[in-house]
Structure formats: structure tokens, C-alpha cells
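Bear in mind the structure is a predicted one, so any value in this text is a computation, not a measurement. Proteins get letters first, then strands, A, B, ... in listed order; numbering begins at 1 in each.
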There are 2 protein chains.
Amino acid sequence: MKKPAQTSATTTDILMVSDATLRGFVGYHMKRAFNVVQADLVRTLQPFELRMLTYSALVLIVDNPGLRQSQLADAMDIERPNLVVILDELEGRELVSRDRVPTDRRAYALTATPAGQLLCKRAVAAVEAHERALLSGLDDATRATLVAALSKIEKSGKSRA
Amino acid sequence: MKKPAQTSATTTDILMVSDATLRGFVGYHMKRAFNVVQADLVRTLQPFELRMLTYSALVLIVDNPGLRQSQLADAMDIERPNLVVILDELEGRELVSRDRVPTDRRAYALTATPAGQLLCKRAVAAVEAHERALLSGLDDATRATLVAALSKIEKSGKSRA
DNA sequence: TATTGTTATACTCTATAACTATA
DNA sequence: TATAGTTATAGAGTATAACAATA
């Protein structure tokens, strides 16, 4: 139950949040860690004029050609309406194309153009390098445990939805 | 490099995203896991008419009485302007009070009212119960590794800021 | 000058209802 | 009737610049 640091401290100091309550609050740490990863990602993707959402969509389309929009929205864990503008952007930049599915004329099959594939390849390399740097403080086993734990939490959410 | 599942699958199916690329993309898993935790938190806090941000602020004020707004913003990892409306809400509900600091009349010392302390106590209990349930798939060691890894990522972000 | 809290503002992400065209 | 994609819209969360009061 420490008191907050002296108010004379400069703003570069990080407040030592002295509580037993938030230390066990996983959501708090998850949010802060996600903020860091997200901020790093934004910087990394800026040269490619991609955001996290346009990046994720592009990668998933490149790796899963023929994907339909509803499937992509599921994979990205976003609502279908929110995917539309993302694809509008990618299609407008001619990185991705929407093609009618002959067997179901309501649906669109998503594929990446050669330009989209090239940009994806370069962006993925950049992201991988940045993530390696960001996670360099963790050993391989810890990193594997982290990803496995996050995946389990994902699933436990799906099961109660 | 599996193809996406048959389009005849129902919408309750989860697309098996079959790629080597996103599996190593920690940001992707972090986002999805955070979404799950966040969604659970929203549901848990609804009876208390709190959101994640108002909850975090309230807990931190209760545990660190006399905190100043800039310190709280740092602890919550948000910008000072965004904290103002959060505190307006908590103060309006008389859960928290802003009191002038005599030694620095620019600053406000934040303290929780008795009502704020009571609500906090009950909300914390609810959140702890929900997080326990959410993380029940992880053993203690994994949970500890998860929190430690998230904390390290937080810090590595701060150091490069 | 610099800092605390504030206002105004803009941008991104998220969530829901309702429409259209197909099935 | 149900589904795929779309439109419109509203609500959070986030980020920056600029201001008044104070240091």
C-alpha cells in the first residue's frame, strides 16, 4: 500500500501503481500490452499505407484465396459492415479484387492482385522483424506459452458467445 | 495451405484460417484475446454501470488516494484529455471527488467517496470471479507466465517511446 | 517558460438496424 | 424465409492542438 510517488517527479517517471487489485487484473495488462503491440504495428505498417485491419485482411486474403467476405469478417473477428470499407480501400488501391461466385451470386470471392501479393510479402517481413524485436525479451518457450494462452482465451470467449 | 471450408457451412462454423503467416502474428492473437476479455468485462461491469475505463480509474483512485490526474492518465495509459470525461462521469455519480492540492493549485487530488469505495469493492469481486472463470482453462503457472509476458511487452513499449 | 487540467475536434474501431439481391 | 453484401448511423476509444490558471 505504497503512496503515489512524489508530485515533484518529472512526467517521464512511470507511476508505480501500488495495488494488489490491478496486478491480478489480466484485462488491464492485456490492454496495455495490446496498446504497445498496436502502436508498434501502426508505425511498422505506415510505410506501406496499411493499418492493422487492412493488413490483417490482406494477409488473410493472400493466404486464403477465394475467401468470402463473411468468412473473412469471422476470421478477423469484426462485423460484416465494418469489413466493407476495409475492402473498399484495398480494392481501390488494386491490391485485392472482389469477384462474383458463379454458384452463389450473392457472394464475392476475394483474391489478391499481384500488387497485393507483393505488398503483403514486404509488409509481412517488416511486421515479423518488428515483432521479433518487440518480443526479444521473451525466450522461445515463454513466447509459445503466451500465444497458446491467448489462443485458449480466444476460444473460451467463442464458447460462451 | 488448406482451402477455406466449404461455403455450404453454416455461419456458426469458425473459419479455420489456414496460414503460417498469422499464426506467428502475436498482434492478431493479442487483439482477439483482448476482445474476448473486454467483452466479458463489459458484461460483468454492466450491473455497476461501469465500463473498463471508469472501472480502472475507480480502482486506481481507491487504491491510490490523493492521485493526480496526470498520474492516473499515465497509469491508465491514456491521454490526459480523455481522462477528463471519465472523471466527470465518476464525479457526477459522486463516486470520486476532485480536491485542489494546497501545495500546487493547478492540480487535483483524487479520492473515492464512501459510495465509490463500496461500488469498487463489489465490482472488483465480480471482475475477479469472471476473470477466474475466463482463465479457468489455464493452470496457475501458465497464468503467471501470461501476466509476466504481458508486463514485459508493456515495458519494452515504454522503453522505445 | 513549463505544467495541470480543460476544451474542441478529428479519426479509428465497433455495433446495430434496415435495405438489395440473390438463394 | 434466410443469407451475402451493403448503407447509414451511433457510440466508444484515441490522439493532437490550443487555452486558462498556476508554477
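Applying the side-chain hydrogen bond (donor to acceptor under 3.5 Å, both in side chains) test to A:D139 and every residue at least two apart in sequence or in another chain returns A:T142.
Residues A:R80 and A:V84 form no side-chain contact, since every pair of their non-hydrogen atoms from C-beta on lies 4.5 Å or further apart. Inter-residue side-chain proximity for B:L150 and B:M30 is flagged as met; some heavy-atom pair is nearer than 4.5 Å. For the pair B:I61/B:L87, a side-chain contact is recorded, criterion being any heavy-atom separation below 4.5 Å from C-beta on. Inter-residue side-chain proximity for A:L60 and A:Q71 is flagged as unmet; no heavy-atom pair is nearer than 4.5 Å. Side-chain contact check for A:P114 versus A:L118: every heavy-atom pair is 4.5 Å or farther apart. Taking the side chain as every heavy atom from C-beta outward, B:F25 and A:L41 approach each other to under 4.5 Å. With contacts defined as side-chain heavy-atom distances shorter than 4.5 Å, the pair B:L119/B:R93 qualifies. The closest side-chain heavy-atom distance from A:V96 to A:T111 is not below 4.5 Å.
Counting to the nearest Å, the P atom of C:dA15 and the CZ atom of B:R43 are 12 Å from each other. Rounding to whole angstrom units, CE of residue B:M52 and C1' of C:dT14 are separated by 16 Å. When rounded to the nearest whole Å, the span between CD1 of A:I86 and C1' of C:dC13 equals 9 Å. B:L45 has its CG atom 14 Å from the P atom of D:dA12, to the nearest Å. With rounding to whole Å, B:L83 atom CG is found 17 Å from D:dA12 atom P. Between B:E49 atom CD and D:dA12 atom P there is a gap of 13 Å when expressed in whole angstrom units. With rounding to whole Å, A:Y108 atom OH is found 9 Å from D:dT6 atom C1'. Rounded to whole angstrom, the span from the CZ atom of B:R68 across to the C1' atom of C:dT3 amounts to 9 Å.
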Report, one pair per line, the protein and nucleotides 14-20 of chain D atoms (nitrogen or oxygen only) whose separation is under 3.5 Å.
from   : atom 1 : to    : atom 2 : distance (Å)
D:dA15 : N7     : B:N82 : OD1    : 3.3
D:dA15 : N7     : B:N82 : ND2    : 2.8
D:dA15 : N6     : B:N82 : OD1    : 2.8

Report, one pair per line, the protein and nucleotides 20-23 of chain C atoms (nitrogen or oxygen only) whose separation is under 3.5 Å.
from   : atom 1 : to     : atom 2 : distance (Å)
C:dA23 : OP1    : A:R105 : N      : 2.8

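Residue B:S70 has a polar side-chain atom (N or O) positioned under 4.0 Å from OP1 or OP2 of C:dG5.
Of the two residues contacting DNA chain D, namely B:Q38 and A:Q69, the nearest-nucleotide position lying further toward the 5' end is that of A:Q69.
Of the candidates D:dA12, C:dG5, C:dT6, the closest approach to any side-chain atom of B:R98 belongs to C:dT6.
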